[in-house]
Each structure stands twice: as C-alpha cells, then as structure tokens.
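Below, all heavy atoms of this structure are taken into account, side chains as well, without hydrogens, waters or symmetry copies.
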2 protein chains.
Amino acid sequence: MERVSNREKILTEGLKVVHAQGFANASVRDIVAAAGVPQGSFTNHFESKEAFGLEILDLYFANNRAVMEETLLNDALDPLKRLRQWIDRNAARNECSGFRNGCLIGNFTAEAAAHSEAMRKRLIAIIAEIHAAIATCLKAAVKAGELPKGFDCSGTAEFIFTGLQGATLMAKAEGNAAPIDRFKKTLFAKVLR
Amino acid sequence: MERVSNREKILTEGLKVVHAQGFANASVRDIVAAAGVPQGSFTNHFESKEAFGLEILDLYFANNRAVMEETLLNDALDPLKRLRQWIDRNAARNECSGFRNGCLIGNFTAEAAAHSEAMRKRLIAIIAEIHAAIATCLKAAVKAGELPKGFDCSGTAEFIFTGLQGATLMAKAEGNAAPIDRFKKTLFAKVLR
DNA sequence: AGAAAAAATATGTACGACCGTATTGAAAGC
DNA sequence: GCTTTCAATACGGTCGTACATATTTTTTCT
C-alpha cells in the first residue's frame, strides 16, 4: 500500500480546486477538504497560501513540461506536426471541464500577477521556457524545410503562445473548443508558411 | 457645481479598483473607500457585489464601444488603418498601469466566468459584439481592396480578438507592451493579406 | 542492532481580521 | 409628503493563520 503524504494530497487536490475555482475563490478550507486532510496540515506544510500557490504553479508546469517534451521537443516527429500535437494536447487537457478551467498559467497571470510579485516572476520564467521550446520546434521546422529560411522563429514562438493563451481564455468564456480550433486553423494556414 | 451621486462614484472608482486588484481581491470596503462614500451606499445602490460587477463590466464596455466607433467603425479612415488604431487605442488604455491591469473583459473571463453564469453570459454577448465590429472592418477592407476577395472576415475577426486578449494578458505578466507589439506585427505581416 | 534523541508530520481547535450584507433612521429632492 | 438617496453601525459567517499536542519517521550514538 503506497503511502501518500498529506502534503502531496494538498498539492494535487488543491491544484484541481484552484484550477476550477480560481486562487482567490478557493479557500484553504476548500483545499484541505478536497484533499481529505485536517486543516492544520496546510499550516504545517505551507508558509502561506501564496507559497502554496507558487508550489501548485510549479506542479502544473511540471505536467506542462512533460507534454512539451513528448510533443514540441520530440525529434521523432515532423516539426510542425509536433507543434500541432502540442496545441491539441493543451486543448485536450481542458476538455474535461468543458474548457471552463482555462490554463492555470493564464489564470494566475490574470488574477495574481497584479498583487504578488513573486508569482509574476515565476510566471515570466515559465512563459520564457515555453517560448524557448516553441522556438526550438520552429527552428527544426526551418531546418526540415517546412518553413522558409530566415523565418522569425523566436518572434513567432511568442506570437503562438500568446495566441494560444488568448484562445484558451476565450474557450473558457464560451465553454467550447471553437476559439482554439479557430486559432489553430489560422495559425497553420497563414502564419506558418 | 456638478453633483455626482454616490452611485456614480462607486461605479467609476470601483471600476478602477477592481480593474487593478481583481474582482475577488477588491473588497466592498476598498471600493467605497476609493469612492469616498460610506459603506451603506453600496448596499443602497447594488443588490450584491456580483450585481455591481455586472454594472462595471457594462461601464467598461461602454468605453470600449466608444473606442470601437471612433476606430474600427470609422468610415473616414482606411479599413486596415482603423484596425491598427483600434489595437493601439486598446494598448494605450493599459499603458498607464504599466500594462499590469490587463483588459477587464479578459480578467473577468479568467476570474469570474467559472462561478457566475450571469457574468459569463454577459461576457459572451460583449465578445460577440466586438467580433462583429472587427468583422465589419475587415469586410470594408475587402471592399476597399486591402484584403483579397473571399477573405474569411468573421473567422479572422475572432482570431484577432482572441490574439489581442492573449497579448494583453502576456503584457500583464511581463509589464510591458512587447507582447502586444509582437502580436500586431505578425498579424499585419502574415494574417491580413 | 537497539535505545535515545531529534526532526518532521499529523491533528483539532482557536483567534483576530475581514468579508458581503442587513438594518435603521436622517436628509433631501421632486 | 412621499420617494429616493445618504449615512452609521452591526451581524453572522468565513477568511488566512497560529498554536498546542500527538504521532510518526529519521538520525545519532553505544
């Protein structure tokens, strides 16, 4: 029987609660209730709610990074196919909530970046890492002849992540995948050529 | 001496507070303090905080609509120039806060859409109206020969708003206009042709 | 290897602050 | 003189966090 510490339960279940309800709207009591642990455990393991927020952001991004390595950075596939798969995987992650949860990175940016400098710094670092992964993929596409020589890989990488964030946000409002599909279609038809 | 009712003060000052701090993080006491009115006035004029939220969203969008009419829907200018001005005006609105405030429409989508169906419905209506305005502008561009015949105006309109939302969100994280500039550049160079 | 010491984790409860909202009555404008 | 607005205070609930105690795990020493 595998032993799961309370700390881990708070992180994994708390991530779900915060992702669904938003950081400010998810109380510590909501989080420990979802984790099925007593309230004192939260104080024991986290210095503050904000410190907990930073940890679940890292946890979320760890999953994100794993997806990036299976798709964007996966040399076994054609570069642009990797990019498409990455977008699809990101969309698929949101499908289970009817796209209502959005992306935690975007949610935290909207909600917490204004009043927690630590969180904003962390978000900037995460965004930069994603930009870099997309740019690496685009460079591979240039090398493979899927994109023209001289293509602005790093600039377009930023454009792509920005667009995907916006599409994920709009999907949250509308409750369906249409904005993401729309983004994908225009991206591949117009920008990546 | 112009008389400004407490209700109006709560709306205009409260909008600023909520825009800067987020809806959940802005308390009713913060709002009435910024408005310089007693706390009872809030209860007098608004059925609930959520009802107040819907009103400031409408107020924000009223400003937004005015900008759209001066830019996107202004027949005196070339269509694509209108679009560019509209994006610039949107960016300029955020500049004063170092881009940290973001767009209230996006902020509310990220924060409130999940737990207030009324707010989500209102956001959908607002987004549809903006889509329509952009599409009208693009259709004018086609008519003027700035875009090819058969250009997908309504689809691209959605793509543009989605992208601008994402760019505004990323600008909030980074605290500067770079994501918006990046978006604009790629949009006009690749998508609008 | 086993006991003692130390550290980390678990748990229940409590605190003070702040939340959104209610209530009551005075002031004011048509 | 009736209706709307203004104003002050209060209420019950929830918030993030603190704290005292119990239990488990890890480390250290003989």
Could you check how far [atom1] of [X] sits from [atom2] of [N], rounded to whole Å?
| X | N | atom1 | atom2 | result |
| --- | --- | --- | --- | --- |
| A/His45 | D/dA18 | NE2 | P | 15 Å |
| A/Glu50 | D/dT17 | CD | C1' | 14 Å |
| A/Glu8 | C/dT9 | CD | P | 12 Å |
| A/Ile31 | D/dT17 | CD1 | P | 10 Å |
| B/Phe42 | D/dA10 | CZ | C1' | 18 Å |
| B/Asn6 | C/dA26 | CG | P | 19 Å |

Please write out each protein N/O paired with an N/O of nucleotides 17-20 of chain C under 3.5 Å, distance rounded to 0.1 Å.
| residue | atom | partner | partner atom | Å |
| --- | --- | --- | --- | --- |
| C/dC19 | OP1 | B/Ser27 | OG | 3.1 |
| C/dG20 | OP1 | B/Lys49 | NZ | 2.9 |
| C/dG20 | OP2 | B/Val28 | N | 2.8 |
| C/dG20 | N7 | B/Arg29 | NH1 | 2.8 |
| C/dG20 | O6 | B/Arg29 | NH2 | 2.6 |

Quiz item: Is any side-chain N or O of A/Asn44 closer than 4.0 Å to OP1 or OP2 of C/dA8?
Solution: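 Checking C/dA8 against A/Asn44, no side-chain N or O comes under 4.0 Å of OP1 or OP2.
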Practice problem: Apply ring pair (Phe, Tyr, Trp, His ring centres under 6.0 Å) to B/Phe46 and list each qualifying residue two or more places apart in sequence or on a separate chain. | Solution: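 Partners of B/Phe46 under the ring pair (Phe, Tyr, Trp, His ring centres under 6.0 Å) test: B/Phe42, B/Phe52.
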Quiz item: Sequence neighbours excluded, which residues qualify as ring pair (Phe, Tyr, Trp, His ring centres under 6.0 Å) partners of B/His45?
Solution: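 Result, ring pair (Phe, Tyr, Trp, His ring centres under 6.0 Å) vs B/His45: none returned.
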Exercise. Return the nearest nucleotide to the side chain of B/Ser41; candidates are D/dA18, C/dA10, D/dC6.
Key: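 Nearest nucleotide to the side chain: D/dC6.
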Under 3.5 Å, sequence neighbours excluded: what are the donor-acceptor pairs made by side chains of residues 117-129 of chain B?
| residue | atom | partner | partner atom | Å |
| --- | --- | --- | --- | --- |
| B/Glu117 | OE1 | B/Arg120 | NE | 3.4 |
| B/Glu117 | OE2 | B/Arg120 | NE | 3.3 |
| B/Glu117 | OE2 | B/Arg120 | NH2 | 2.8 |
| B/Arg120 | NH1 | A/Ala173 | O | 2.6 |
| B/Arg122 | NE | B/Asp58 | OD1 | 2.6 |
| B/Arg122 | NH2 | B/Asp58 | OD1 | 2.8 |
| B/Glu129 | OE1 | B/Arg65 | NH1 | 3.0 |
| B/Glu129 | OE2 | B/Arg65 | NH1 | 2.5 |

Exercise. Please list, chain by chain and in numerical order, all residues satisfying side-chain hydrogen bond (donor to acceptor under 3.5 Å, both in side chains) with B/Thr136, sequence neighbours excluded.
Key: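 Once residues adjacent in sequence are excluded, B/Thr136 has no partner under the side-chain hydrogen bond (donor to acceptor under 3.5 Å, both in side chains) criterion.
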Self-check item: Carboxylate-amine/guanidinium proximity below 4.0 Å for A/Glu146 and A/Arg82
Solution: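 Salt bridge flag = no for A/Arg82 with A/Glu146.
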Acceptor/donor pairs from residues 90-98 of chain A side chains to any protein atom, 3.5 angstrom cut, sequence neighbours excluded:
| residue | atom | partner | partner atom | Å |
| --- | --- | --- | --- | --- |
| A/Asn90 | ND2 | A/Trp86 | O | 2.9 |
| A/Asn94 | ND2 | A/Gly102 | O | 2.7 |
| A/Ser97 | OG | A/Asn94 | O | 3.1 |
| A/Ser97 | OG | A/Arg100 | N | 3.4 |
| A/Ser97 | OG | A/Asn101 | N | 3.2 |

